[in-house]
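The structure appears right after this line, and notes come after that.
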4 protein chains.
Amino acid sequence: MPKKIRLGIIGGGGDSLIGVLHRVASFINDNYEIVGAVFNPDFEQNLAFAKEIDVPTNRIYKDFDTLVAEELKLPEDERIQVCSVLTPNFLHFPMAKKLLENGFHVICEKPMTMDYEEAKTLQEVHEKSGKVFALTHTYTGYPMVRQMREMIKAGALGKIHKVDARYYQGWINTVIHDPEKRKTVWRLDPAKAGISSCIGDIGVHASNLIEYTTGLKIKSVLCDFNYLYDDNLMDVDGTVLIRMDKHVKGVVRASQVATGEENGLAIAIYGEKGAFRWEQEKPNFLYKMSDTEPLQVYKPGHAYNSELSLNASKIPAGHPEGIFDSMANIYLGAARAIRGEDYNDGEFPTMRDGVRGMNFIESTVASHKQGNVWVELD
Amino acid sequence: MPKKIRLGIIGGGGDSLIGVLHRVASFINDNYEIVGAVFNPDFEQNLAFAKEIDVPTNRIYKDFDTLVAEELKLPEDERIQVCSVLTPNFLHFPMAKKLLENGFHVICEKPMTMDYEEAKTLQEVHEKSGKVFALTHTYTGYPMVRQMREMIKAGALGKIHKVDARYYQGWINTVIHDPEKRKTVWRLDPAKAGISSCIGDIGVHASNLIEYTTGLKIKSVLCDFNYLYDDNLMDVDGTVLIRMDKHVKGVVRASQVATGEENGLAIAIYGEKGAFRWEQEKPNFLYKMSDTEPLQVYKPGHAYNSELSLNASKIPAGHPEGIFDSMANIYLGAARAIRGEDYNDGEFPTMRDGVRGMNFIESTVASHKQGNVWVELD
Amino acid sequence: MPKKIRLGIIGGGGDSLIGVLHRVASFINDNYEIVGAVFNPDFEQNLAFAKEIDVPTNRIYKDFDTLVAEELKLPEDERIQVCSVLTPNFLHFPMAKKLLENGFHVICEKPMTMDYEEAKTLQEVHEKSGKVFALTHTYTGYPMVRQMREMIKAGALGKIHKVDARYYQGWINTVIHDPEKRKTVWRLDPAKAGISSCIGDIGVHASNLIEYTTGLKIKSVLCDFNYLYDDNLMDVDGTVLIRMDKHVKGVVRASQVATGEENGLAIAIYGEKGAFRWEQEKPNFLYKMSDTEPLQVYKPGHAYNSELSLNASKIPAGHPEGIFDSMANIYLGAARAIRGEDYNDGEFPTMRDGVRGMNFIESTVASHKQGNVWVELD
Amino acid sequence: MPKKIRLGIIGGGGDSLIGVLHRVASFINDNYEIVGAVFNPDFEQNLAFAKEIDVPTNRIYKDFDTLVAEELKLPEDERIQVCSVLTPNFLHFPMAKKLLENGFHVICEKPMTMDYEEAKTLQEVHEKSGKVFALTHTYTGYPMVRQMREMIKAGALGKIHKVDARYYQGWINTVIHDPEKRKTVWRLDPAKAGISSCIGDIGVHASNLIEYTTGLKIKSVLCDFNYLYDDNLMDVDGTVLIRMDKHVKGVVRASQVATGEENGLAIAIYGEKGAFRWEQEKPNFLYKMSDTEPLQVYKPGHAYNSELSLNASKIPAGHPEGIFDSMANIYLGAARAIRGEDYNDGEFPTMRDGVRGMNFIESTVASHKQGNVWVELD
């Protein structure tokens with residue numbers, strides 16, 4: 001069994017959600033250990049955060065360039081092998097480039113770069129480097145997305161002729177209608193967010209999902225954006241007609257003003273012999289449709305799934321994968337109690353629950369054995 | 001900010017799912033570090049597993065008693081503070097007891113003990129110990145279960161008069177109908193599984209969920225089991241009439257032969273002013289019903305939720321909490337590539353995806369800006 | 001092709017919902033014509049209602065006995081062939097009995113009688129009569145309920161070992177908590193409603209559905225009612241443990257205080273090889289579960305359904321059967337307009353909609369043909 | 001109370017589904033009686049069908065022109081008041097025109113005409129006529145569609161900024177891939193079906209639904225069709241970008257090759273303050289979304305609904321409107337029995353069911369009263 005992979009992290013300190021997400025993900029399959037980091041541009045905060053999460057501080061560096069320089073001085077079998085790049089968008093390109101050029105593998109948050117030109121440059125660097133580059137299009141990790149891909153590859157849908165993908169959110173709706181508020185949102189500032197807000201941030205997930213699952217390439221697009229207000233410079237909604245091939249067409253819909261939608265990524269793929277539908281908000285249900293057979297619902301963890309899908313399921317069928325988080329909440333409650341902090345008595349089950357449980361179980365057995373009579377609990 | 005809590009683990013080595021679940025849960029909120037363990041009764045395997053998951057081997061002990069004895073010799077600020085007990089059921093009681101008696105906090109898998117007598121004994125030990133004891137009734141960690149509890153406490157349902165909880169699984173159905181196969185299942189062996197299979201293993205989750213969310217106590221039960229075959233000694237299905245109070249009644253339904261059901265834990269609570277419904281297989285949706293108002297659907301992460309619920313959500317609304325697992329699958333794929341193992345090209349998004357994404361985004365912008373015309377991708 | 005069947009109706013006048021339901025049902029397949037009736041005990045109202053709904057008044061009778069007496073004087077090929085009995089519960093038995101004894105077929109609302117004794121008496125009368133007696137357990141008319149029955153009969157589930165049926169409503173919750181209000185509800189008055197409110201009115205639908213779909217008989221029951229208040233004499237909630245055979249068990253749950261539930265009839269049937277779930281509130285979806293295969297969803301109108309199910313579907317797959325009602329609403333709006341009554345302009349689509357539609361269609365064709373350009377509508 | 005309206009029917013004879021749909025709809029609210037018809041171009045079949053469904057044959061005419069001529073000779077208070085036009089598409093325009101010109105009200109199936117030019121001509125005729133013209137865009141009759149309209153009118157969503165409507169079917173998929181089969185489908189023949197198949201038949205429902213519910217007008221469209229095969233002349237799939245106003249945009253998606261989709265009409269409307277979603281396949285559920293409040297689900301028949309919606313509900317909340325059809329199936333089974341035809345014993349509930357029901361009810365009462373003991377059924 002191989003030792004854990006030595007992971008470095010750039011960004012993701014403090015309350016950063018993306019930081020939590022990457023740390024937990026790195027931990028879940030026991031493959032990585034964090035050995036170095038620049039969690040924060042402020043060195044004091046950087047060190048404090050490292051202490052807080054118990055990363056040894058001797059390889060916490062003052063900035064990205066120092067991290068690269070210092071790590072290169074270490075023997076290869078101690079050196080960081082792979083870096084997760086979780087910094088603001090405009091830094092993804094220069095950092096990923098430098099890392100690859102210096103022999104590090106890279107796990108990079110999206111968007112990979114600020115524009116297509118940078119992307120092509122990075123691609124060249126990557127090809128020369130021979131290193132691994134992983135872009136965290138997170139949803140491609142879902143077991144049922146992988147199942148879709150494998151079944152399509154195996155011909156389950158026949159020739160595909162139509163795709164329909166959507167990514168609807170509503171969050172910008174809470175600021176866009178107020179002229180003052182909308183100036184404060186970095187996603188609406190081209191200088192910070194690049195050339196596109198809605199398609200750049202979320203529409204691209206939908207197009208990626210289409211290409212990931214179907215194996216087809218989008219050949220051309222026709223697009224209409226909505227800016228909603230004349231003084232707003234960034235798209236907050238867009239519909240994209242797509243053509244994959246002369247008779248293979250589709251549509252990508254994305255919105256940040258789809259009021260009340262939360263994280264509405266969904267895809268439908270229609271082929272000669274069948275079709276698939278999947279929604280990110282109910283990720284454990286994959287719908288396979290047919291014109292002549294009953295609708296089928298695939299779920300993770302079953303032997304009928306492909307190897308690629310099964311490898312992405314850690315727990316038995318029927319347990320939503322979020323059960324890790326649920327268990328984590330119980331550990332969190334216990335931690336607060338162990339530290340002597342105030343806690344709500346609903347934060348974790350206690351002795352009391354265990355005693356009640358045994359009382360319940362024994363009473364049911366007694367009731368049944370005595371001929372289905374009432375039995376009192378204590 | 002406090003240092004991490006020093007965690008010991010008993011059991012959960014090798015491929016143990018429960019081991020993964022507890023390790024990940026301990027990691028997710030950066031509160032614990034594993035400092036000692038007896039992962040496996042076989043010392044060689046114990047050590048090997050510790051190496052595999054990078055736990056320092058100097059505090060990997062040959063057995064539970066040694067762990068307790070040796071840890072007690074360490075200064076208090078180095079010693080294991082809390083132990084997770086993940087061993088076979090019959091060991092929960094003696095281990096938890098000894099740990100509490102020796103001043104350790106305990107996180108214990110369920111069932112807490114083999115019977116009610118043991119449970120009451122453990123409760124006495126716990127009360128004397130002054131230590132924290134957490135029983136991992138996992139589902140009480142779900143944000144929407146906690147929201148239900150808090151809203152009921154705040155009077156959202158008025159006086160409760162009926163509860164209906166169910167835990168339906170179908171897995172024993174795959175062995176129970178074959179006389180040979182059913183002899184091989186430890187859950188059907190009273191010597192190994194205790195006095196009850198179906199109620200003991202899963203029915204008790206349903207009764208716990210009732211008491212957790214309503215704050216009411218079950219006062220008496222009337223129960224009918226189904227053994228399905230004359231030579232089967234353990235219940236594989238049971239329905240329990242319950243009384244909480246003279247006019248507050250309910251039913252707990254549990255089954256291991258509910259063919260095709262996976263992990264069908266669900267609860268409905270009806271009160272004078274409203275009602276709740278929740279299902280574990282779609283844990284992010286909490287239904288609040290009323291006789292006179294539209295049905296309401298609560299979801300995690302929104303400001304309208306209670307503090308107890310919000311504290312249990314780490315990510316924005318609309319992201320199923322399983323997104324951690326999805327991201328973890330991408331890290332897993334990258335790890336395989338970094339190690340030079342064979343991998344399926346669907347295991348993680350690569351440079352290619354990043355380049356395609358930028359191409360797509362720029363093309364949509366160009367299409368829109370040029371007046372909604374077709375733009376070719378490379 | 002046979003002539004329409006001559007139908008008489010007893011009860012169901014005025015605003016009676018059950019009256020509408022039976023008249024529409026008799027009309028839908030062009031099998032019946034209403035030739036005589038006692039819609040109302042008050043003869044004036046009886047006549048007025050007949051005029052209102054255009055039933056010829058010459059065979060509107062002053063009471064039930066007169067109807068029977070006068071119809072018997074008519075030649076057999078003019079005489080009412082079948083009577084629908086829609087009167088208050090306590091009249092079902094004497095009327096059905098007299099009709100059968102006098103050679104009429106009977107369609108009877110439920111409950112068939114006030115008690116079991118009457119039921120057995122009526123059964124004897126029926127057997128002697130040689131006439132058709134149909135009891136309107138309405139839900140057995142749903143295509144997917146019939147599909148369930150036929151597939152079970154054909155062995156799709158193997159040996160059945162568990163059933164779980166529920167009928168939850170919440171409407172009594174709106175009156176039961178007020179001591180004055182609850183006295184005014186006839187369902188809570190044993191003199192008017194018989195020996196049971198909740199089980200008698202709705203629980204019996206659940207037990208009927210079990211026997212209809214499985215072909216098994218309920219052999220014994222153990223039941224717990226909830227009256228909710230000491231001065232309430234009728235069950236408003238009940239849970240019934242049932243045994244079909246030594247190892248075939250189940251539960252029937254019924255409630256009129258399940259706050260916020262509307263008409264929550266549902267059934268789950270578990271067998272050795274598979275299982276079914278169906279819910280009356282989404283009647284077009286039949287779920288077939290298996291431990292090893294993807295979940296299947298059957299819908300009406302498909303060739304894969306049984307003949308019994310297909311005969312119960314009048315319209316193509318995907319049209320909820322409620323489309324009749326939707327169309328009827330448009331006819332209703334048009335009727336109001338034709339009569340010169342005031343109407344909301346949303347009550348039926350008009351010329352305006354037709355013109356807009358053509359404008360839309362032509363514009364889309366023009367846009368596509370001109371190379372996907374914008375085309376203005378008028 | 002007004003007398004019934006005298007209805008004439010053109011087309012819809014024999015097995016015509018649209019004929020059944022209109023006859024039932026005309027019957028449901030007791031507003032119409034069919035007094036004259038040309039059900040079929042063949043006079044013999046026309047008469048036979050009239051006899052079969054018991055319409056008096058004296059006003060069954062040999063063709064449409066005769067119907068108009070003969071009816072005009074009748075006194076006005078006997079004459080047909082309104083005609084339902086259910087003929088092939090190309091006849092809608094000339095028939096509707098002649099009817100309006102001769103003083104008849106018209107209920108017309110869609111498409112109203114073959115093209116926009118005809119539509120505008122008909123509109124002029126209609127305006128001069130002063131008669132009622134109803135176009136049967138059926139889905140606008142659904143209670144929850146009407147509720148959506150009324151709430152939007154009342155400002156529930158604030159200013160609307162995005163709409164997304166879809167109508168996906170898969171049926172042409174079963175013929176389109178076979179060069180021979182696809183030549184046989186009249187919908188794919190421009191001579192018979194007009195200028196558009198997919199948008200003309202179903203896309204227009206989606207655009208109508210947008211205008212009906214929002215009260216906004218579509219100002220321009222940009223459309224891409226898919227013909228799927230070079231030798232296919234008619235669109236079988238189309239995506240339409242729409243603009244309602246400078247900053248109010250949307251998309252209409254329609255397909256007849258969306259494999260496995262049945263009748264997937266759906267709409268989402270997003271506004272500043274909230275949003276609605278509705279799907280025709282689950283017509284009783286209207287989803288109201290908000291960025292800050294729990295999702296709300298509106299259902300028919302509740303007092304919280306608007307008058308327009310309540311008037312479209314005939315039965316209590318929770319009964320899917322399809323219950324009429326379910327009851328009708330029971331009447332159908334009884335009719336077969338009454339006529340002495342062979343029937344499946346699942347076609348209607350019988351005496352046996354009534355007896356069982358009473359046995360069940362009495363046994364549950366006995367069980368409860370005797371202290372929750374087992375009671376045997378006969």
Side-chain angles (χ1 to χ4, degrees), chain A residues 1 4 24-25 27-31 52-54 112 116 119 123 126 132-135 137-138 141-142 199-200 204 207 220-223 225 262-263 312 317-318 321-322 324-332 334-335 337-338 348-349 351 354-355 357-358 360-364 367-368 374 376, chain B residues 1 4 24-25 27-31 52-54 105 112 116 119 123 126 132-135 137-138 141-142 199-200 204 207 220-223 225 262-263 312 317-318 321-322 324-332 334-335 337 348-349 351 354-355 357-358 360-364 367-368 374 376:
Chain A
M1 176 66 192
K4 284 193 179 178
V24 171
F27 186 85
I28 280 182
N29 293 293
D30 300 307
N31 284 306
E52 184 183 320
I53 65 170
D54 266 331
M112 188 171 82
Y116 185 38
Q123 187 170 34
H126 174 238
V132 172
F133 181 91
L135 185 69
H137 271 302
T138 318
Y142 282 114
I199 294 294
V204 68
S207 69
S220 58
V221 295
L222 185 160
C223 173
F225 285 161
E262 298 185 343
N263 206 36
E321 305 252 327
F324 282 128
D325 316 273
S326 185
M327 181 64 98
N329 287 327
I330 289 172
Y331 266 77
L332 175 60
I338 290 168
F348 63 96
M351 178 58 62
V355 171
M358 282 301 136
F360 179 78
I361 294 168
E362 282 204 3
S363 300
T364 62
S367 170
H368 179 77
W374 286 100
E376 307 276 321
Chain B
M1 176 66 192
K4 283 194 179 179
V24 170
F27 185 85
I28 281 183
N29 293 292
D30 300 307
N31 284 306
E52 183 184 320
I53 65 170
D54 266 330
H105 303 289
M112 188 172 81
Y116 186 36
Q123 187 169 35
H126 175 238
V132 171
F133 180 92
L135 185 70
H137 271 302
T138 318
Y142 282 114
I199 295 293
V204 67
S207 69
S220 58
V221 295
L222 184 159
C223 174
F225 285 162
E262 299 185 344
N263 207 36
E321 305 251 329
F324 281 129
D325 316 273
S326 186
M327 181 64 98
N329 287 329
I330 288 171
Y331 265 77
L332 174 60
F348 62 97
M351 178 59 63
V355 172
M358 282 301 136
F360 178 77
I361 295 168
E362 282 204 2
S363 300
T364 61
S367 170
H368 180 77
W374 286 101
E376 307 276 321

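Protein chains get the first letters and strands the later ones, always in sequence-line order, with residue 1 at the start of each. Basis for what follows: all heavy atoms, side chains included, without hydrogens, waters or symmetry-related copies.
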* Against chain A, label B:His137 side chain, backbone, both or neither, depending on which of its atoms sit under 4.5 Å from a heavy atom there. => both
* Would you say B:Lys4's side chain and B:Asp30's backbone share a donor-acceptor pair under 3.5 angstrom? -> no
* Can you name the nearest heavy-atom pair linking B:Phe225 to B:Ile199, along with the distance? -> CE2-CG1, 3.3 Å
* Structure fact -> If you tally heavy-atom pairs under 4.5 Å between each of A:His126, A:His368, A:Met112 and chain B, the highest tally belongs to A:His368
* Indicate the atoms forming the closest heavy-atom contact of B:Cys223 with A:Ser367, along with that distance. => N-OG, 2.6 Å
* **Residue selection (most heavy-atom pairs with chain B, distance under 4.5 Å) from A:Ile361, A:Leu135, A:Val221, A:Val204** => A:Val221
* Asked: For A:Val132, is it the side chain, the backbone, both, or neither that has a heavy atom closer than 4.5 Å to a heavy atom of chain B?
  -> side chain
* Find out whether B:Ile28 and A:Phe27 are in side-chain contact, i.e. whether some heavy atom of one side chain is under 4.5 Å from a heavy atom of the other. => no
